[in-house]
4 protein chains.
Amino acid sequence: MNKKREIQSSVKDESLIEKRRAQMIRGAVTLFKQKGFHRTTTREIAKAAGFSIGTLYEYIRTKEDVLYLVCDSIYDEVHARLESLDIEKGSLEVLVTALEHYYGLIDDMQDEFVVMYQESKSLPKDALQYVLKKELEMVALFERLLTECRESGELKMTPKEIKLAAHHLFVQGQMWAFRRWALRDFTISEFIQTQTNFLLQGMAGEKISTQGAK
Amino acid sequence: MNKKREIQSSVKDESLIEKRRAQMIRGAVTLFKQKGFHRTTTREIAKAAGFSIGTLYEYIRTKEDVLYLVCDSIYDEVHARLESLDIEKGSLEVLVTALEHYYGLIDDMQDEFVVMYQESKSLPKDALQYVLKKELEMVALFERLLTECRESGELKMTPKEIKLAAHHLFVQGQMWAFRRWALRDFTISEFIQTQTNFLLQGMAGEKISTQGAK
Amino acid sequence: MNKKREIQSSVKDESLIEKRRAQMIRGAVTLFKQKGFHRTTTREIAKAAGFSIGTLYEYIRTKEDVLYLVCDSIYDEVHARLESLDIEKGSLEVLVTALEHYYGLIDDMQDEFVVMYQESKSLPKDALQYVLKKELEMVALFERLLTECRESGELKMTPKEIKLAAHHLFVQGQMWAFRRWALRDFTISEFIQTQTNFLLQGMAGEKISTQGAK
Amino acid sequence: MNKKREIQSSVKDESLIEKRRAQMIRGAVTLFKQKGFHRTTTREIAKAAGFSIGTLYEYIRTKEDVLYLVCDSIYDEVHARLESLDIEKGSLEVLVTALEHYYGLIDDMQDEFVVMYQESKSLPKDALQYVLKKELEMVALFERLLTECRESGELKMTPKEIKLAAHHLFVQGQMWAFRRWALRDFTISEFIQTQTNFLLQGMAGEKISTQGAK
DNA sequence: AATGAATGAGTATTCATTCAT
DNA sequence: AATGAATGAATACTCATTCAT
């Protein structure tokens, strides 16, 4: 659907580009997590990626490109993980599965998500738009599932409530990435379990059993 | 209470310090919101505050001090607004009032909260500790109120659920500040109303009527 | 003879000027010795002198004025101490007395001399000229005494040798101020004694007994 | 030997470092001589060296590094010039040769020596230690030669006198650099000749003929 | 394709000096 | 006469980006 913002590279070999950019992203995420985007220098990124500053600039145009690549790679992963749900018709069970996938993903890519949420404001305008759109797509997925639950009678919520609830679900995911320091005594399964119960109780008035994620 | 980190000033007149720092904070929040902490220059802060760069440095020592002053002033306001709740015994009604105060505060100081959450990682270590402690105090307030609700039988939740729920409530507040662009069709009263309903349904199993905040 | 460079003051009361400037000089010498002229701020000077920055500038026009006052006060003291020798006819004995006075003075005002020699290059052009002239007057005193020794047959040196010797004597004085760290096991009397012997042997070919200074 | 304080460079090519630093030193000496270390800006140093401010900082870390490089290069030269004397057994003739080399060196590197003596106090602590140690090594050379002269009966001096005399010789060298303005009618040969005569007369009681240096 | 030396615009901070009170 | 708040020019140092090799 959404055409990706193409990042220019003066190298032609596509598979090499992919390889080098993967190195870059891995190094950059660690650095951005530690010191933030602004305090990380391009030289540090190059070094962490395992090549020279000159080489770095063969694969990107600006430092912001690196941040964009990080964000973009996260959504590639999000897409891969939630793809299967795109086709399913919403039901409470599917909703729970979606949450399990989504929260599980955030758990796996905690650093990446933190970086994305903390630093995405440093993206150039168009890149920021692209990332926000991806974000809204996620929210829209939840919204669709909730709506379909309502239509099937599993939930009784107004459209407005559904919209807010979708944001709810999305933001609770961020919370797991961001507030891990405050939630040290929860495992990811406990977290998913408890969140799910809250939501379902709040929305449907009944508990639904979920199998612990991962 | 928590001793404040004192920010050094070479000016002696305390009331002047307060006045100038208030100017600084007002200007800085606007700028930080627009361009972020790192992209804002000290000269811009001085200018926005209405004085020269030299004068700015009469009242702080480093740029980070400005960020700290912003965060600190937020928690002064938080404290002022929630003070009355400190003494009350928890009940669902008090909890709802607390949310109304808290969400109302975030609505009033939206820019400040966004800046604080986005930029606090740029604070020096000790200042960051101070701000996080303040944050945990807020969470602890919710936790206490929830616990007291459980003790009075108004809520049936495990201690762990209570802990998570407290973070929930706290994070939903941030959501109002951060995702306003996505929630344009909600007023603050609607938001408070809907959130409260969710929470109470989810926790207590029944709707409670609240009077719209503000 | 040499008209002093007048340092402007906006205060009229002459005796107050003198008092405040003495405070200034005392404080400044300590600071300049410790950190050098450039690393010392005018605020520090004011503080060390016991008054405010505003007051400091009531008695001087620029920071360099402070340095000049320091140098000038040194030569006032030099003048006071060596005055008696101005009228005496040169002889080896008088020469030795002159050295005793001069080296003793340097010993007493070690800090001041170190500051003057290390920092005088920071004086404005005309002030530097004034100080160098004072310096040459000192050398000229030695030169006169040596010349009169030669005329009386006490010394056999060419005019050129005398000139160099005069600088010699002058510079050896500086050495006592500057290289004290390397000459820790000498007392000032020993130093004067040994220096005098060197010089007299070298010049006159015979030892002359001197009474230890101080 | 004395391990050199390594100055960090972000450039790898050693020979390039050497070349660029030589350019830097040449430019810096001129500027420091004219305006002193503190009044010279890093941009001026870069410009005088023939490259940009950015390039300057590829080869040093701080402005003080430049001063250190100047001092260090002087002692490299001192070492090269006096090396041959390190092995020789002391005698009056060798002592005279040492003075000729030393004074000749100071004459050749007058600006460098003036800068070093005037500005070395601005070096960071450890760099200052290093430079002072080098200085004491020079004094120790003279001391050794004098001691060996005494042992061979060429001189009659107490150890204390020898120590002071060594400083003497060292300081007279500085005098040639520092007081050239006052010694305009001496050539370096005359200066060496006269100084040598003084010293030998004073110490040994007889004139020794020297061949004029350079 | 890869390297790393060169560039210079940009920025936090300092500090001599002024001037209203 | 004394004070100290205000000023802004000046300056060391950084770092994204380029380009010759």
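Heavy-atom basis, side chains included; hydrogens, waters and symmetry copies ignored. Small disclaimer: the values here were computed from a predicted structure and weren't measured. Chain naming here is simple, since letters A, B, ... match the order of the sequence lines and numbering starts at 1 in each.
Looking at heavy-atom distances under 4.0 Å, C:Thr42 makes contact with a base. Residue contacts shown for A:Ser9 are absent, as no nucleic acid heavy atom lies under 4.0 Å away. Within the nucleic acid shown, A:Arg39 has no heavy atom closer than 4.0 Å to any nucleic acid atom. Residue contacts shown for A:Thr55 include a base, since a base heavy atom lies under 4.0 Å away. If you check every strand for non-hydrogen atoms under 4.0 Å, C:Ser10 touches nothing.
Residues D:Glu64 and C:Arg39 are paired through a salt bridge, judged by an N-O separation under 4.0 Å between the basic side chain and the carboxylate. Between D:Arg20 and D:Glu58 there is no salt bridge, since no side-chain N of the basic residue sits under 4.0 Å from a carboxylate O of the acidic one. The existence of a salt bridge linking D:Lys33 and D:Glu119 is excluded, since no basic side-chain nitrogen approaches an acidic carboxylate oxygen closer than 4.0 Å.
For D:Ile53 and F:dC15, the CD1 to P distance is 14 Å, given to the nearest whole Å. Between D:Lys47 atom NZ and F:dT11 atom P the separation is 14 Å, expressed in whole Å.
With a cut-off of 3.5 Å on both Watson-Crick or G-U wobble distances, the partner of E:dA20 is given as F:dT3. Nucleotide E:dT11 forms a Watson-Crick or G-U wobble pair with F:dA12, both donor-acceptor distances falling under 3.5 Å.
Looking at which nucleotide of DNA chain F each of D:Thr62 and C:Ser52 is closest to, the 5′-most match is held by C:Ser52. Along DNA chain E, the nucleotide closest to A:Gly50 and the one closest to B:Arg43 are compared, and the more 5′ of them pairs with A:Gly50. Mapping C:Lys63 and D:Gly54 onto DNA chain E by nearest heavy atom places D:Gly54 closer to the 5' end of the strand. Looking at which nucleotide of DNA chain F each of C:Glu58 and D:Arg61 is closest to, the 5′-most match is held by C:Glu58.
Between B:Asp72 and the options B:Arg5, B:Arg21, B:Lys134, B:Lys4, a side chain to side chain donor-acceptor pair (under 3.5 Å) holds for only B:Lys4.
A:Tyr130 has its ring centre less than 6.0 Å from the ring centre of A:Tyr68.
Remark: the backbone N or O of A:Gly36 is paired with a side-chain donor or acceptor of A:Thr40 at under 3.5 angstrom. The main-chain N or O of D:Thr41 is found under 3.5 Å from a side-chain atom of D:Glu44 such that the two form a donor-acceptor pair.
The nucleotide range of DNA chain E contacted by chain D, defined by atoms under 4.0 angstrom from heavy atoms of the protein and reported 5' to 3', is E:dA5 to E:dG10.
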